[in-house]
Amino acid sequence: MAKKNKPCLSLSHFVGVLVFSLLFVPKSVLGVKQELRFGKKGEFKILQVADMHFADGTTTPCLDVLPNQMPSCSDLNTTAFVERMIQAEKPDIIVFTGDNIFGFDATDAAKSLNAAFWPAIASNIPWAAVLGNHDQDSTLSREGVMKHVVGLKNTLSQVNPAKAHIIDGFGNYNLEIGGVKGSCFENKSALNLYFLDSGDYSTVPAIPGYGWIKPSQQLWFQRTSAKLRRAYVGQPEAQKGPAPGLVYFHIPLPEFASFDSSNVTGVRQQGISSASVNSGFFTTMVEAGDVKAVFIGHDHLNDFCGKLTGIQLCYAGGFGYHAYGKAGWSRRARVVLASLEKTEQGGWGVVKSVKTWKRLDDEHLTAVDGQVLWSKSRADVS
């Protein structure tokens, strides 16, 4: 029999409801996908956060820090670094490239994910994430982790593209960055971002080691790239070539091993932990013709960019404090800035350059290794 009097809500219940409302957005009110576009200054900035390895917060110890840092160091140092980077760079989007949580040490995957992404959620800046090889090692499956991420506030992450009925992994999607509001490119994507699930570990008994980007994912990428190119070269403001594309995933391709200290910007301090087979995705990107740079994580002590067959292959460097690192070698984050060219009429046109730098988690958030990843050349003139 139903009670006539409404039950009183406890403080803990109220706090729980408040936290839920801050973290999650009901699907019914999501509405139209949040619009991403270049700002009035003709710039679009991306903050990449790789390998947070978040676990249980204050009780989670740091790894590979100096002895004087150890007593007070925890997951909260990772959180503070994300917050500092957001405040310093004011990015247009934040991209998390996997191993967002370290599942083995996370007692509740959902709580760890909520805490790991909280700085992005609280900033009200759009953010996107892909999975690494450790995100599913707690209380949620790989699919469950991605579904949880997609339900969080301010994220543009997707479990998988709606029209890709058969595709491997979880977290394959793309985002289009429109031109400046009011410009000729207002209704065109001047910059395309691709996100892929590079897997965790091989599921083929005869092949040891890490996972790789599968043929179904590559087919989706090829079709998406071709569709975006058709839109870009079509009216209005028809262009001769594709808009630049940037690709984000977690595990490096075997091609990252093409570099040594003589032909990179940044450092290579450990081996390239790619899959033991080559899936051919690098060739697929070269053939597509729009990809200018690839950004990954996984190998925390590598933070270099190297150019191969017209594509820059870039590590971000380790970010999280509950992740292996190197004592005295600061945790770091990568920033990418795409800039538009000015038209003869004084408006904004196509992307003229893509630049990058890293910031260290030191007293001054020191910026290092600034470089131009790609610039529009005569061959790219529309």
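Computation of the quantities below employed the complete heavy-atom set of this structure, encompassing side-chain atoms and omitting hydrogens, waters and symmetry-equivalent molecules. For clarity, every value in this text was computed on a predicted model and none was experimentally measured.
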Side-chain contact test, heavy atoms from C-beta onward, threshold under 4.5 Å: evaluate it for [X] versus [Y] and give yes or no.
X	Y	result
Phe249	Asp197	no
Asn100	His134	no
Phe96	Val130	no
Val291	Phe221	yes
Phe117	Thr155	no
Gln371	Thr356	yes
Val65	Tyr321	yes
Arg223	Trp220	no

(request) With side-chain contact (heavy atoms from CB on, under 4.5 Å) as the test, would you mind laying out the steps for Asn154 and Ile125 before giving the verdict? (result) CA-CA 7 Å; Asn154 301 323; Ile125 293 171; over 6 Å; no
(request) For Ile311 and Lys292, run side-chain contact (heavy atoms from CB on, under 4.5 Å): C-alpha distance rounded to whole Å, both residues' side-chain angles, the deciding distance at 0.1 Å, then the answer. (result) CA-CA 5 Å; Ile311 298 177; Lys292 305 307 178 188; over 6 Å; no
Would you indicate whether [X], at its atom [atom1], is surrounded by more than 12 heavy atoms from other residues, nucleotides or ligands within a distance under 6.0 Å?
X	atom1	value
Lys326	NZ	no
Leu66	CG	yes
Gln87	CD	no

Any donor and acceptor pair, going by atom type alone, linking the side chain of [X] with main-chain N or O of [Y] inside 3.5 Å?
X	Y	result
Glu89	Met85	no
Asp168	Lys214	no
Asp299	Asn302	no
Glu176	Leu36	no
Gln269	Val267	no
Thr139	Ala109	yes

Is the shortest side-chain N to carboxylate O distance from [X] to [Y] below 4.0 Å?
X	Y	answer
Asp303	Lys358	yes
Glu341	Lys376	yes
Lys45	Asp92	no

(request) Pick out which of Phe295, Phe304, Phe259 makes a ring-ring contact (aromatic ring centres under 6.0 Å, His included) with Tyr315. (result)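 Only match with Tyr315 under ring-ring contact (aromatic ring centres under 6.0 Å, His included): Phe304.
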(message) Here's a test for you: under ring-ring contact (aromatic ring centres under 6.0 Å, His included), which of Tyr173, Phe170, Trp127 qualifies with Phe195?
(response)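 Of all the options given, the one that passes is Tyr173.
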Once rounded to the nearest 0.5 Å, what's the spacing between atom [atom1] of [X] and atom [atom2] of [Y]?
X	Y	atom1	atom2	result
Lys188	Ile177	NZ	CD1	15.5 Å
Phe54	Asp99	CZ	CG	14.5 Å
His298	Ile296	NE2	CD1	8.0 Å
Asp75	Cys62	CG	SG	7.5 Å
Asn172	Ile213	CG	CD1	8.0 Å

(request) Step through it carefully: locate the ring centre of His53, locate the ring centre of Phe319, and say whether they are under 6.0 Å apart. (result)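 No.
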(message) Membership question, hydrophobic clusters at under 4.5 Å side-chain separation (ILVMFWY): are Ile251 and Val95 in the same one?
(response)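 Result: no, two separate clusters.
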(request) Report yes or no: do Trp374 and Leu308 belong to one cluster of Ile/Leu/Val/Met/Phe/Trp/Tyr joined by side chain heavy-atom distances under 4.5 Å? (result)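 Result: no, two separate clusters.
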(request) Apply side-chain contact (heavy atoms from CB on, under 4.5 Å) to the pair Ile46 and Tyr248, showing each step before the final yes or no. (result) CA-CA 11 Å; Ile46 304 166; Tyr248 289 88; 3.4 Å; yes
(message) Walk me through whether Tyr194 and Asp290 qualify under side-chain hydrogen bond (donor to acceptor under 3.5 Å, both in side chains).
(response) CA-CA 11 Å; Tyr194 301 96; Asp290 63 333; 2.6 Å; yes
(message) For a quick check under 3.5 Å, do Thr107 and Asp56 share a side-chain donor-acceptor pair by atom type?
(response)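 Short answer, yes.
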(request) Indicate whether the side chain of His148 and that of Asn114 have a donor and an acceptor atom separated by less than 3.5 Å. (result)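 The criterion, which ignores hydrogens and geometry beyond distance, is satisfied for Asn114 and His148.
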(request) Pick out which of Arg84, Arg332, Arg331 makes a side chain to side chain donor-acceptor pair (under 3.5 Å) with Asp361. (result)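 Among Arg84, Arg332, Arg331, the one meeting side chain to side chain donor-acceptor pair (under 3.5 Å) with Asp361 is Arg84.
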(message) How close do Gly103 and Ser138 get, counting heavy atoms only, and between which atoms?
(response)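 Where Gly103 meets Ser138 most closely, the heavy atoms are O-CB, 3.4 Å.
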(request) Take Val247 and Leu196 through the test side-chain contact (heavy atoms from CB on, under 4.5 Å) and record every step on the way to the result. (result) CA-CA 8 Å; Val247 182; Leu196 294 106; 3.6 Å; yes
